[in-house]
Amino acid sequence: MRWFAGLETIVSENERLAPHTSFRLGGPARWLVRPENETQLSTVLSRARNAGLCVRMLGRGANLLIRDHGVDAVVVQLSAPYWRHVEFSDDTVLARAGANVPGLVVQAVRRGLTGLERMAGIPGSVGGCVRMNAGGRAGCMADIVRRVRVMNPDGGVVELNRDEIDFDYRTARLGDRLVLSAALAVEPDDPTDTRQRCLDIWDFKRRTQPLGSNSAGCIFKNPPGKSAGQLIDAAGLKGERVGGAAVSDRHANFIVADHGATADDVLRLIERVQHRVHDMYAVDLGLEVELW
Ligand code: EPU
């Protein structure tokens, strides 16, 4: 604890990370730190930098695979009440990084605001969703971000406008800058229509994805012009299994972790899928999930 003297109330050592991920897999974090505000966050970053420690941001762990041996790093989680604060106006939702995106979608719909429903059914924090430009067929974060406040590794805070952010497919290219909050564009609309659009997206996901199982959503990025799920399915890999990890029967771009699965099972299955799809279709599938 010597690096974090005086911060003991917000630091835990060797805490298991599996319960903080939707895969429910992975080993412990050497340090798990939950700063209560921006000042504490900047203190944690400066202590880590002085000690030469690697820093990783944990959102809601919905797009993350953590190796079984865990992470030798300072894992920061913005879960304290300060980070979940949200403000609604007629044209903007101002949400701090730890706010829960599915919760925002529901609140926006209740207030008769349209815009956020494209994110319906996407589990994640505002910070994680901005960073990864999370989305699906209904749209992605890049469609609705107006501004993002970020903290640089030296603790300095900068506000970036939409046109200063280099959004691309599943990335915002923010490097080592941490998302503090985001201003998201909304506008008033007929609540019945907005609600119906959400229900349609939820319904589509429920029909096509294994939502009740432990997974991290889609494992691979869609290769340009192609669908990873379709390729894996056509390669005959639905139901393929390594230990407790299996390619979902419902959507082939999902790997589900059954009781007793390890992260290593998932990693070996990922490699098997990549080899098979490469051998059959000469396509390299890149990871969509983050791997620690
Ligand atoms: N398909 C198959 N077999 C399968 C799965 C899909 O043939 O097992 C076919 C479908 O029939 C469809 C095509 O592949 O013709 C594309 O499938 P889908 O519409 O399910 O979309 P996707 O590209 O596989 C994307 C996002 C999902 C998001 C959905 C719906 C990526 C990698 N995935 O999936 O995002 O939920 O659209 O909006 O961009 C995630 O990011 O974790 C994720 C699940």
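Values reported hereafter were calculated over all heavy atoms of this structure, with side chains retained and with hydrogens, waters and symmetry mates removed. This is a predicted model, so every value here is computed, not measured. Each ligand, and each atom within it, is numbered from 1 in the order the structure gives.
- Within a 6.0 Å radius of NE2 in H275, no more than 12 heavy atoms belonging to other residues, nucleotides or ligands are found.
- Residues satisfying the side-chain hydrogen bond (donor to acceptor under 3.5 Å, both in side chains) criterion with D265, sequence neighbours excluded, are T262.
- The main-chain N or O of G26 is never found under 3.5 Å from a side-chain atom of R16 such that the two would form a donor-acceptor pair.
- The side-chain contact (heavy atoms from CB on, under 4.5 Å) test with L65 singles out one residue from T21, I255, I270, I219, and that residue is I270.
- Remark: D166 pairs with R173 by the side-chain hydrogen bond (donor to acceptor under 3.5 Å, both in side chains) rule, at least two apart or across chains.
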Using atom types as modelled, flag every donor-acceptor pair under 3.5 Å from a side chain in residues 120-130 to any protein atom, sequence neighbours excluded.
residue, atom, partner, partner atom, Å
S125, OG, G128, N, 3.0

Pairwise, report which nitrogen or oxygen atoms of ligand 1 are under 3.5 angstrom from protein nitrogen or oxygen atoms, and how far apart they are.
residue, atom, partner, partner atom, Å
ligand 1, 3 (N), D233, OD2, 2.8
ligand 1, 8 (O), K238, NZ, 3.2
ligand 1, 8 (O), A252, N, 2.8
ligand 1, 14 (O), S227, OG, 3.0
ligand 1, 19 (O), R137, NH2, 2.6
ligand 1, 20 (O), H251, NE2, 2.9
ligand 1, 23 (O), N222, ND2, 2.7
ligand 1, 24 (O), H251, NE2, 3.0
ligand 1, 36 (O), K205, NZ, 3.3
ligand 1, 36 (O), Q209, NE2, 2.8
ligand 1, 38 (O), R137, N, 2.7
ligand 1, 39 (O), Y169, OH, 2.9
ligand 1, 39 (O), R170, NH2, 3.3
ligand 1, 41 (O), E288, OE2, 3.2
ligand 1, 42 (O), C218, N, 2.7

